[in-house]
Amino acid sequence: MIRRPPRSTQSRSSAASDVYKRQVACNIYLLRFFYFMSKAHFGLIGLGVMGENLVLNAERNGFSSVVFNRTYSKTEEFLEGRGLGKNIEGAKTLQEFVNKLERPRRILMMVKAGSATDAVIDNISEYLEEGDLLIDGGNSQFKDTERRVETLESKSFGYIGMGVSGGAKGALEGPSMMPGGTKASYDAIESLLTKMAAKVEDGPCVAYVGPGGSGHFVKTVHNGIEYGIEQILAEAYDLMKRVKNMNGSQMSEVFGIWNNTDELASYLVEITEICLNTKDESTEEFVVEKILDKAGQKGTGLWTVVSALELGVSVPTIYASLNARVMSSLKEQRSEIEKTIPMEAIEDFDLGDISNGMKPLFDAVVLATIASYAQGMDILSEASSVYNYGLNMPSIAQIWKGGCIIRSKLLRKIQDAYQKDPNLKNLIFDDWFNNEISTRIDNLASVVSSSTKAGIPVPCLSSTLDYLNSYRTNRLPQNLVQAMRDCFGSHTYERVDKEGSFHTEWMK
Ligand code: NBP
């Protein structure tokens with residue numbers, strides 16, 4: 001690149017020497033320029049399933065990237081495999097990682113929630129500089145995120161706690177993302193996130209959620225709703241199988257019909273259709289029937305229920321789904337007790353048939369699904385005012401409409417309902433949802449009562465029925481509960497006929 005003056009004239013010509021010096025200076029400047037220009041736009045820590053796919057997504061959208069993983073061999077494997085030929089570099093140490101990033105740095109952490117996230121933050125903090133931004137895309141507890149936002153922002157770093165949903169495929173092709181933290185930090189990554197996110201007909205599935213841990217709070221509730229819907233679909237499957245003796249293909253056909261309706265068209269119904277119709281390659285039998293009936297839970301379902309209870313929000317459908325997983329884990333105990341309190345043979349009852357899309361069962365599933373969303377949205381409304389999150393409910397429905405596990409057609413209706421009335425107390429007050437409930441509740445009641453009589457547990461369907469029946473009565477028996485509390489503890493009570501606080505001497 002640099003043309004050296006010929007040796008013979010070098011010492012004799014000071015003019016030529018000046019030209020040479022200027023050329024060197026110019027080239028050093030260019031080298032420096034290209035060095036800084038070549039720094040990567042985006043850094044990722046944690047090459048698990050999610051991290052790997054998210055960094056490929058960022059790179060595909062034009063963001064050159066650097067990756068770091070605790071175990072370096074995984075980084076090498078990635079760079080020689082899926083990362084090969086991409087604008088992605090690896091780093092062996094965190095020092096090298098930050099040096100390869102343009103400033104202010106934008107770093108996404110995709111590691112396990114809890115102590116692993118704290119360890120990564122501690123380790124990287126010493127290399128960060130003012131204005132650098134850390135994004136936690138793991139499933140962190142929102143209270144941990146509140147603490148981290150406060151600590152990191154006080155050190156002049158940016159911190160975003162971001163819920164990410166969509167699994168491996170979503171992470172690669174476009175996830176749904178729920179970022180929370182300061183608005184200034186969000187603004188610094190808005191263009192990156194908007195490009196990476198799933199897109200639906202009316203925009204991307206990402207938006208600023210709110211301050212502090214609100215992004216992770218919204219993700220937690222997303223997962224609570226997901227627990228609910230998964231259990232509801234599992235109960236529908238159980239009824240088809242045990243009451244109607246349907247095989248995998250027949251059940252799959254019903255879920256296929258449901259997936260073409262305005263009420264149930266969704267990702268979870270779509271994958272249920274696929275799961276039920278998939279055969280085991282070695283046995284040629286339906287795989288689902290070969291899977292042990294035990295489901296685990298990683299924390300977000302539990303956090304949803306705990307948050308709901310702390311906020312005083314009623315979430316029986318979501319709670320029932322969590323409890324169903326807990327009960328399923330008692331496999332040995334269930335097998336033992338089955339022998340001591342045996343069930344009667346199950347008699348056939350009306351669930352409809354394939355030709356009418358199993359209408360009574362469909363109605364029951366629609367209402368339980370609506371209840372799951374309604375309860376989740378109620379938690380968000382309450383959290384928004386108690387924690388000062390200022391959540392925009394239609395915007396959250398928009399984020400969930402694509403890319404995430406609970407994406408569904410119903411979310412359009414939910415978005416409309418909150419757009420019509422931003423202070424909606426519950427979806428049940430919206431005309432469309434109110435009509436759905438009025439016209440389907442009889443079928444929900446008959447499915448629940450027949451299942452209960454037959455001894456088939458339907459915890460989400462029955463909790464939904466109780467939830468809706470409690471909602472639609474002006475008369476609940478808590479007057480007696482209040483009487484008992486006043487009787488043993490002088491807690492006093494309110495009356496229906498006059499204002500004030502009253503006490504009765506019950507034992508006189
Ligand atoms: P994993 O949680 O299975 O793996 C995390 C990666 O982080 C591993 O490659 C691990 O390195 C690395 N890591 C680093 Br760097 N520092 C670590 C430390 N101090 N302790 C433990 N691991 C460390 O990945 P994932 O399934 O992609 O999940 C990442 C996050 O995203 C989790 O919070 C998860 O809950 C959340 N999430 C997952 C999904 C999903 O569908 N999987 C969906 C949405 C959100 P190593 O190679 O040395 O072990």
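Below, all heavy atoms of this structure are taken into account, side chains as well, without hydrogens, waters or symmetry copies. Each ligand, and each atom within it, is numbered from 1 in the order the structure gives.
Counting heavy atoms closer than 4.0 Å to ligand 1, residue L47 contributes backbone atoms (N, CA, C, O) but none from C-beta onward. With a 4.0 Å cut-off on non-hydrogen atoms, K112 touches ligand 1 through its backbone as well as its side chain.
Of the residues V305, L309, V218, V315, the one that meets the side chain to side chain contact (heavy atoms under 4.5 Å, CB included) test with I379 is V315. Residue Y159 forms a side chain to side chain contact (heavy atoms under 4.5 Å, CB included) with just one option from L133, D132, T145, and that option is T145.
Taking a cutoff of 4.0 Å between a charged side-chain nitrogen and a carboxylate oxygen, K413 and D416 do not qualify as a salt bridge.
Polar contact with ligand 1: present for R70 (N/O pair, distance under 3.5 Å). Inclusion of V120 in the set of residues having an N or O under 3.5 Å from an N or O of ligand 1 is not warranted. Inclusion of V49 in the set of residues having an N or O under 3.5 Å from an N or O of ligand 1 is warranted. The shortest N or O to N or O distance between K219 and ligand 1 is not below 3.5 Å.
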Determine whether F255 and N259 satisfy the following criterion, side-chain contact (heavy atoms from CB on, under 4.5 Å), listing intermediate values before the conclusion. CA-CA 6 Å; F255 281 97; N259 198 31; over 6 Å; no

Applying side-chain contact (heavy atoms from CB on, under 4.5 Å) to I225 and H222, what does each step give before you reach the verdict? CA-CA 5 Å; I225 296 170; H222 163 286; 5.8 Å; no

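Residue, atom and distance of the protein heavy atom nearest to atom 10 (C) of ligand 1 are N69 OD1, 3.7 Å. M50 N, 2.7 Å is the protein heavy atom nearest to atom 27 (O) of ligand 1.
Between F142 and Y387, the ring center distance clears the sub-6.0 Å criterion.
Against a heavy-atom cut-off of under 4.0 Å, M110 is close to the following atoms of ligand 1: 5 (C), 6 (C), 7 (O), 29 (C), 31 (O).
Taking the side chain as every heavy atom from C-beta outward, D421 and F429 never approach each other to under 4.5 Å.
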